[in-house]
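Labels below follow one simple rule: chain letters A, B, ... track the order of the sequence lines, proteins then strands, and each chain is numbered from 1.
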Amino acid sequence: MAKELDKFFESYLSKKPLFKNKKALQDQFTPENISHRDEQIEQMAGILAPALRSEKPSNIFCYGKTGTGKTVVARYVADQIMETAEKRGIPLEIVYLNCKMKRVADTEYRVIAQLCNIFGKAVPATGLPTDEVYKSFVNTIEEKNKLIILVLDEIDQLVEKAGDGILYNLTRLNSELKRSQISIIGISNDLVFVDNIDPRIKSSLSEEELVFPPYNALQLQDILKERVKLAFRPGVLEEGVVEKCSAYAAREHGDARRALELLRVSGEVAERKNKLKIDIKHLDEAEEKIERDRIVDIITTQPKQSQLTLHSIFSLNFNGNKGLFTGDVYDIYKNNCNKCGLKPLTQRRVSDIIAELDMLGVINAKVISKGRYGRTREISLAIPDSSVNEVKEILLDSLNL
DNA sequence: GTCAATTCACATGAAAGAGACCACGGTCTAGTG
DNA sequence: CTAGACCGTGGTCTCTTTCATGTGAATTGACGA
């Protein structure tokens, strides 16, 4: 066995890798030139430019669907402006914070605490009153005596979880600051997000607005080709792979991130199969794999109660029932709870869990009215047949059934 | 047959509670000089 | 005398429960044709 493994590694190394630089296909990568976003880059640069004269730039609000280049553009412009500022010794600091990161920046307290930490003031992860942390934050940046640009990525997630109070406080902060100033760049995936926040905050937050429209298939192709040059060794892609890949992604609202992921995974699939080229079949496989991984990932990270709810839906579904309703699921769920020793939750909560599972795309749950027979959710599985068994295994395993 | 009222089985909202975390400050304890 | 262990307090955060209110169409039953 040891010898075989030895051989395996040898042959692995002797193989010519398909990838030249895989990083170019990953999320955090900031390419040197960004195609089809010149307009946004120019606008953003124009708005932020006053920072170089130590004047507070307007707050910017960027929105557009996922994978339309918002983050990349923001990072790119930030990098460039920082470079200039450093060269000239201009007191400017740009902080990037992704509000979606769980347990790091998804509540008001944590965002402020995180910012304090970034600015070099240690603040406990919890335990202090929020206004205390605010004070500490104000003092810290006041000491800095700098212009600060705060990039809040996925700001919609933050507001959804923590309310818009934090934005209000942040925008108001400038009046308390004497020596430093803060500008905010908010980035949101949610297009209607601005309509739901307090109009006062809205007006101060989105002094300038940048819209990022989805890429169309041709633009995606350009972007992919650009990255392919960086990421793969020449000639490893079959004809038509890039085209099909961008077509896939364009169908999904022009999401460039997804297109890049698809390409990366196809490369990995082909590599694992010892192929010298990546063809369209690999692309299909990659798509399936991404979807399967996504679902498996979602399910394994769910809390036990959610898993049990899902398991109950599974077992009902397997008995051939077509119309599954909340009440049925809850009955089975309660039985299952007894079986594996969990304390059953109330129906109210299970109803929410079902809604959450629907949001995650694991099941379809549609609210229907059955007239005299009440209102309920009609539930069905949204998992492709090919992964149903795998998921079932995972659930049984995780629940010790 | 038509129409409004009724009714069901939850959905959906709001508020409050429980329990896990965490830091802080005070007190106790054991080790050190 | 001091560092570290140990507690109680006061705060946040997440997950739940409790209580209240909302909802949409099948059903019902009165009414008129």
Does B/dA11 have its OP1 or OP2 closer than 4.0 Å to a side-chain nitrogen or oxygen of A/T326? yes

Is the cationic atom of A/K65 (NZ for Lys, CZ for Arg) positioned less than 6.0 Å from the six-membered ring centroid of A/Y215 and within 45 degrees of its normal? no

Over how many whole Å does the gap from A/R377 atom CZ to B/dC8 atom P extend? 21 Å

Distance check needed: C/dC15 P versus A/K343 NZ, whole Å only. 15 Å

Return no unless some side-chain N or O of A/T346 is found under 4.0 Å from OP1 or OP2 of C/dT17. yes

For a quick test of reading the model: is some side-chain N or O of A/T376 closer than 4.0 Å to OP1 or OP2 of B/dA9? no

Will you find, in the side chains of A/E154 and A/N189, an N or O donor that is under 3.5 Å from an N or O acceptor? yes

Here the distance between atom C1' of B/dG13 and atom CD of A/Q347, to the nearest Å, is 16 Å

It should be established whether A/Y373 places a side-chain nitrogen or oxygen under 4.0 Å from OP1 or OP2 of nucleotide C/dT27. yes

Would you say A/R372 places a side-chain N or O within less than 4.0 Å of OP1 or OP2 belonging to C/dA25? no

Hey, is the side chain of A/R348 pairing donor to acceptor with the base of B/dG13 inside 3.5 Å? yes

Round to a whole Å and report the spacing from CD1 of A/I354 to P of B/dA9. 17 Å

Are A/F232 and A/F19 an aromatic pair by the rule of ring centers under 6.0 Å? yes

Could you state the atom-to-atom distance from CD of A/E378 to C1' of B/dA9 in whole Å? 15 Å

Separation of B/dA11 atom P from A/D358 atom CG, nearest Å, is 12 Å

What integer distance in Å separates A/R349:CZ from B/dG17:P? 19 Å

Side-chain donor-acceptor pair under 3.5 Å between A/R377 and A/S351, yes or no? yes

Are side-chain N/O atoms of A/N336 and A/S312 paired as donor and acceptor at under 3.5 Å? yes

A/R375 CZ - B/dT6 C1' separation (whole Å): 16 Å

